[in-house]
Engineer: 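Have a look at this one.
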Amino acid sequence: MAFGALSVKGRALRCLAQREHTRAELERKLARHVQDRPDASAQAQIAAALDDLAAKGLLSDARAAESVLAGAGQRYGTRRLKHTLQTKGLAPALVAATLQAARATELERAREVWRRRFGQPPACAAERARQLRFLLGRGFEGEVIRRVIGSADPDVD
């Protein structure tokens, strides 16, 4: 039952105590600790432990998606958030719902990220391009970026 000092469930609880995890993330993390026993019983033990944690409300993919949105959502656009949520192994429907919530505030978030980083309109075309690349790298949509930089730039209508 125990692998080293901690059981599978103990390792999962330790991970969940640090931050919200998706089920897929925990499966990957726990599988590394049972590599010496790649039989079906080790995988069944992981599944049983995660089922138990989910039944007790300690493991929730929806809560993990909300956590990503609350944390990284303040600094990144929907394109970057989509990639983050997909790499965490969330269901496509949950990813879509989370991104829909993020789109509602994307313009405000982009303005705040731009304000913290630059705070003043671009003085020249090179500076405008630099600001545009920065926001693109953060995963904001092109139209949102144009609105943020355009509203800050007095030369643009």
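Excluded from the calculations below are hydrogen atoms, water molecules and symmetry mates; all remaining heavy atoms, backbone and side chain alike, are included.
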Engineer: Just by modelled atom types, is the Q131 backbone N or O under 3.5 Å from a matching donor or acceptor in the R117 side chain?
Structural biologist: no

Engineer: Identify the two heavy atoms, one from L69 and one from A101, that lie closest to each other, and give their separation to 0.1 Å.
Structural biologist: CD2-CB, 4.1 Å

Engineer: Is the shortest side-chain N to carboxylate O distance from R23 to D51 below 4.0 Å?
Structural biologist: yes

Engineer: Quick check: closest heavy atoms across A12 and L53, and the distance to 0.1 Å?
Structural biologist: CB-CD1, 3.5 Å

Engineer: Any salt bridge between R63 and E66, counting N to O under 4.0 Å?
Structural biologist: no

Engineer: Does V113 reach the side chain of F140, with side-chain heavy atoms less than 4.5 Å apart?
Structural biologist: yes

Engineer: State, to 0.1 Å, how close S60 and E20 come at their nearest heavy-atom pair, and which atoms those are.
Structural biologist: O-OE1, 4.4 Å

Engineer: Thinking salt bridges, do R19 and E25 make one under a 4.0 Å N-O criterion?
Structural biologist: yes

Engineer: Salt bridge check: are E112 and R116 linked by an N-O gap of less than 4.0 Å?
Structural biologist: yes

Engineer: May I ask you to decide whether R103 forms a salt bridge with E106, counting only side-chain N to carboxylate O separations under 4.0 Å?
Structural biologist: no

Engineer: Do you know which two heavy atoms are closest between V68 and K88, and how far apart they sit?
Structural biologist: CG2-CE, 3.5 Å

Engineer: Are the side chain of R138 and the backbone N or O of R75 linked by a donor-acceptor pair below 3.5 Å?
Structural biologist: yes

Engineer: Do you know which two heavy atoms are closest between T22 and D61, and how far apart they sit?
Structural biologist: CA-OD1, 3.3 Å

